[in-house]
**Student:** 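Please find one structure pasted underneath; my questions will follow.
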Amino acid sequence: MSIVLKRAKNPPRSRVPADVSAEQLARLSEARVRQIRAEAEAQRQIRAAELADERERRRLAEEDRRRAKIARRRERAEKAAATAALLQRLRARLVLVAPILLVNALAVGGQIGFATERLHWNLAQALVFAGALESVAVYIQWHAHEARLAGDAVARLTAASYGVALLVSGINYEHYTEHWQVPNTKAVTFGLMSLLSPWLWGMHSRRQHRDRLREAGLVDRRTAHFSGARWLHFPFRTLGALRWAVAHGVQDPAAAWAGYAAQRRDGGAPRPLPRAEPATEPATGEAPPVWGAAPVALFVPASAVPGRLALVTPGTAGPTRPDRRDRAVEAARRHAAGRGREQALEAVPAS
């Protein structure tokens, strides 16, 4: 049984005694006002706290919704990235596997024709025979692939796979020709399909092996590539720049061209002759003559050394060997001296 309390419409008012003075009544009124104000302030604070709690709950709910939305977006992005990566791997595998499967399927078709027409087997036996015969070369080439990636020698395995493929190719070719006499399109096609299978696998294997060597830094980088205009207008300079790029491992064509141009400038300049330090003899204390070691020389007058032009290097006391230019200068000077004496004799009047 529930008891319902109803608020009275007209609550009873407190009666003020008659003997209360006006001052006491004013004090009671002020206390009542303070009490009412305190209760109103408490109600306001409670309401403000409730509003703050409500705002905080709304903020937390909005934050949770935002985080959930971000998480869903991140999850969708991760799924999309994983799907794209999976499709990329599948596409790469398909590009690798599809040509080999198609080639092997055509080769198997040719071997099925050989088994049913020559050996007179049923279709099931022909399928097993063709699959086994075609898988031998692929199996050997797979071992060669693994050995190449491991860094082992693969010459014998590769030769064995090509030998088996050549044998199977010969079987297909012989079946569709008249005793190897008249080749036709079918014979060439089926024979070539059996021979191409290990070659295609080996091409992919070599590519992966080269990528690993490049990552390890064991393969030279691609050299610089020059335009056809440079090869047309400057063939020899372009060839020299290409050789310079190969020698220095440069891939940038502009850097290779500039490096080769700098090398040409340095190579075209005259190189200084090696200087030999004068060895002092212990007996005389004079430096012996150094032949051909003086890039700079001072001419000594012919009167000091009669009959020849001497060269004295700075810092040395001995004579130096005259070169071809010095001999030419000496011959010119002697010729000028002879012409001067002749002109002097002609100028003297005859007595």
**Student:** Mind listing the side-chain donor-acceptor pairs of residues 93-117 below 3.5 Å, one per line with the distance, residues two or more places apart or on another chain?
**Tutor:**
{"residue": "Asn104", "atom": "OD1", "partner": "Ser197", "partner atom": "OG", "Å": "2.9"}
{"residue": "Asn104", "atom": "ND2", "partner": "Ile100", "partner atom": "O", "Å": "3.2"}
{"residue": "Gln111", "atom": "NE2", "partner": "Glu134", "partner atom": "OE1", "Å": "2.7"}
{"residue": "Thr116", "atom": "OG1", "partner": "Ile112", "partner atom": "O", "Å": "2.8"}
{"residue": "Thr116", "atom": "OG1", "partner": "Gly113", "partner atom": "O", "Å": "3.2"}
{"residue": "Glu117", "atom": "OE1", "partner": "His175", "partner atom": "NE2", "Å": "2.9"}

**Student:** Apply side chain to side chain contact (heavy atoms under 4.5 Å, CB included) to Leu213 and Arg210, showing your working.
**Tutor:** CA-CA 5 Å; Leu213 292 179; Arg210 187 173 179 82; 5.5 Å; no
**Student:** Closest approach of Ser194 and Asn172, non-hydrogen atoms and distance?
**Tutor:** OG-ND2, 2.9 Å
**Student:** Please tell me whether Tyr162 and Met203 are part of a single hydrophobic cluster in this structure, the criterion being side-chain heavy atoms less than 4.5 Å apart.
**Tutor:** yes
**Student:** Should the pair Asp53-Arg57 be classified as a salt bridge under the 4.0 Å nitrogen-to-oxygen rule?
**Tutor:** no
**Student:** Evaluate the criterion side chain to side chain contact (heavy atoms under 4.5 Å, CB included) for residue pair Trp199 and Leu196; output intermediate values, then yes/no.
**Tutor:** CA-CA 5 Å; Trp199 180 77; Leu196 283 178; 4.0 Å; yes
**Student:** Would you give the length of the straight line joining atom CG of Leu51 to atom CD1 of Ile46, rounded to the nearest 0.5 angstrom?
**Tutor:** 12.0 Å
**Student:** In this structure, would Leu119 and Leu133 fall into the same cluster of hydrophobic residues linked by side-chain contacts under 4.5 Å?
**Tutor:** yes
**Student:** Heavy atoms, side chains only, cut-off 4.5 Å: are Leu86 and Arg89 in contact?
**Tutor:** yes
**Student:** Determine the interplanar angle of the His248 and Trp244 rings, folded into 0 to 90°, and report it as parallel if under 30°, tilted if 30 to 60°, perpendicular if over 60°.
**Tutor:** parallel
**Student:** Just by modelled atom types, is the Ala155 backbone N or O under 3.5 Å from a matching donor or acceptor in the Thr158 side chain?
**Tutor:** no
**Student:** Less than 4.0 angstrom from a charged side-chain N to a carboxylate O is my criterion; do Arg74 and Glu78 meet it?
**Tutor:** no
**Student:** About how many Å separate CD1 of Ile140 and OG of Ser135, when rounded to the nearest 0.5 Å?
**Tutor:** 9.5 Å
**Student:** Under 30°, 30 to 60°, or over 60°: which ring-plane class applies to His204 and His145, parallel, tilted or perpendicular?
**Tutor:** parallel
**Student:** Measure the shortest side-chain to side-chain distance between Arg76 and Lys79 over non-hydrogen atoms and say whether it is less than 4.5 angstrom.
**Tutor:** no
**Student:** Are any of the side-chain heavy atoms of Arg59 and Arg55 separated by less than 4.5 Å?
**Tutor:** no
**Student:** Does the side chain of Glu41 come within less than 4.5 Å of Arg37's, by heavy atoms?
**Tutor:** no
**Student:** For Arg156, does the CZ atom have more than 12 heavy-atom neighbours from other residues, nucleotides or ligands under 6.0 Å away?
**Tutor:** no
**Student:** Heavy atoms, side chains only, cut-off 4.5 Å: are Gln35 and Glu39 in contact?
**Tutor:** yes
**Student:** Working note: Arg91 + Gln88, criterion side chain to side chain contact (heavy atoms under 4.5 Å, CB included); need CA distance, chi angles, decisive distance, verdict.
**Tutor:** CA-CA 5 Å; Arg91 185 163 51 249; Gln88 182 68 22; 2.4 Å; yes
**Student:** Looking only at heavy atoms, what is the nearest atom pair of Ala245 and Ala224, with distance?
**Tutor:** CB-CB, 4.0 Å
**Student:** Could you tell me if the side chain of Gln141 sits less than 4.5 Å from the side chain of Val138, heavy atoms only?
**Tutor:** no
**Student:** Report yes if the side chains of Arg72 and Lys69 come closer than 4.5 Å at any heavy-atom pair, otherwise no.
**Tutor:** yes
**Student:** Under 4.5 Å between side-chain heavy atoms, counting indirect links through other Ile/Leu/Val/Met/Phe/Trp/Tyr residues: same cluster for Val164 and Trp201 or not?
**Tutor:** no
**Student:** Over all heavy atoms of both residues, which pair between Trp257 and Thr238 is shortest? Give the atoms and the distance, please.
**Tutor:** CZ3-OG1, 3.6 Å
**Student:** Which pair of heavy atoms, one from Arg148 and one from Ser205, lies closest together, and at what distance?
**Tutor:** NH1-OG, 3.0 Å
**Student:** For a quick test of reading the model, state the closest non-hydrogen atom pair linking Gln251 to Arg222 and the distance between them.
**Tutor:** CG-O, 2.8 Å
**Student:** Nearest 0.5 Å, please: how far is CG in Asn184 from CZ in Phe190?
**Tutor:** 10.0 Å
**Student:** When Arg58 is tested against each of Glu62, Glu56, Glu54 for salt bridge (Lys or Arg N to Asp or Glu O under 4.0 Å), which residue passes?
**Tutor:** Glu54
**Student:** Write down the atom of Thr177, the atom of Pro183, and the distance for their closest heavy-atom approach.
**Tutor:** CG2-CA, 3.9 Å
**Student:** Any side-chain heavy atom of Leu192 sitting closer than 4.5 Å to one from Tyr173?
**Tutor:** no
**Student:** So Trp231 and Phe226, would you call those rings parallel, tilted or perpendicular, with 30° and 60° as cut-offs?
**Tutor:** perpendicular
**Student:** I'd like to know whether CZ of Arg243 has more than 12 heavy-atom contacts from other residues, nucleotides or ligands below 6.0 angstrom.
**Tutor:** no
**Student:** For Glu215 and Arg212: C-alpha separation, side-chain torsions, deciding distance, then whether salt bridge (charged side-chain N to carboxylate O under 4.0 Å, His left out) applies.
**Tutor:** CA-CA 5 Å; Glu215 292 176 359; Arg212 291 191 179 185; over 6 Å; no
**Student:** Nearest 0.5 Å, please: how far is CH2 in Trp142 from CD in Glu146?
**Tutor:** 5.0 Å
**Student:** State plainly whether one hydrophobic cluster holds both Met193 and Leu200, where clusters connect Ile, Leu, Val, Met, Phe, Trp and Tyr through side-chain heavy atoms under 4.5 angstrom apart.
**Tutor:** yes
**Student:** Quick one: pull up CG in Leu127 and CD in Gln125 and give me the separation to the nearest 0.5 Å.
**Tutor:** 10.5 Å
**Student:** From Ile70 CD1 over to Arg65 CZ, what is the distance, rounded to the nearest 0.5 angstrom?
**Tutor:** 13.0 Å
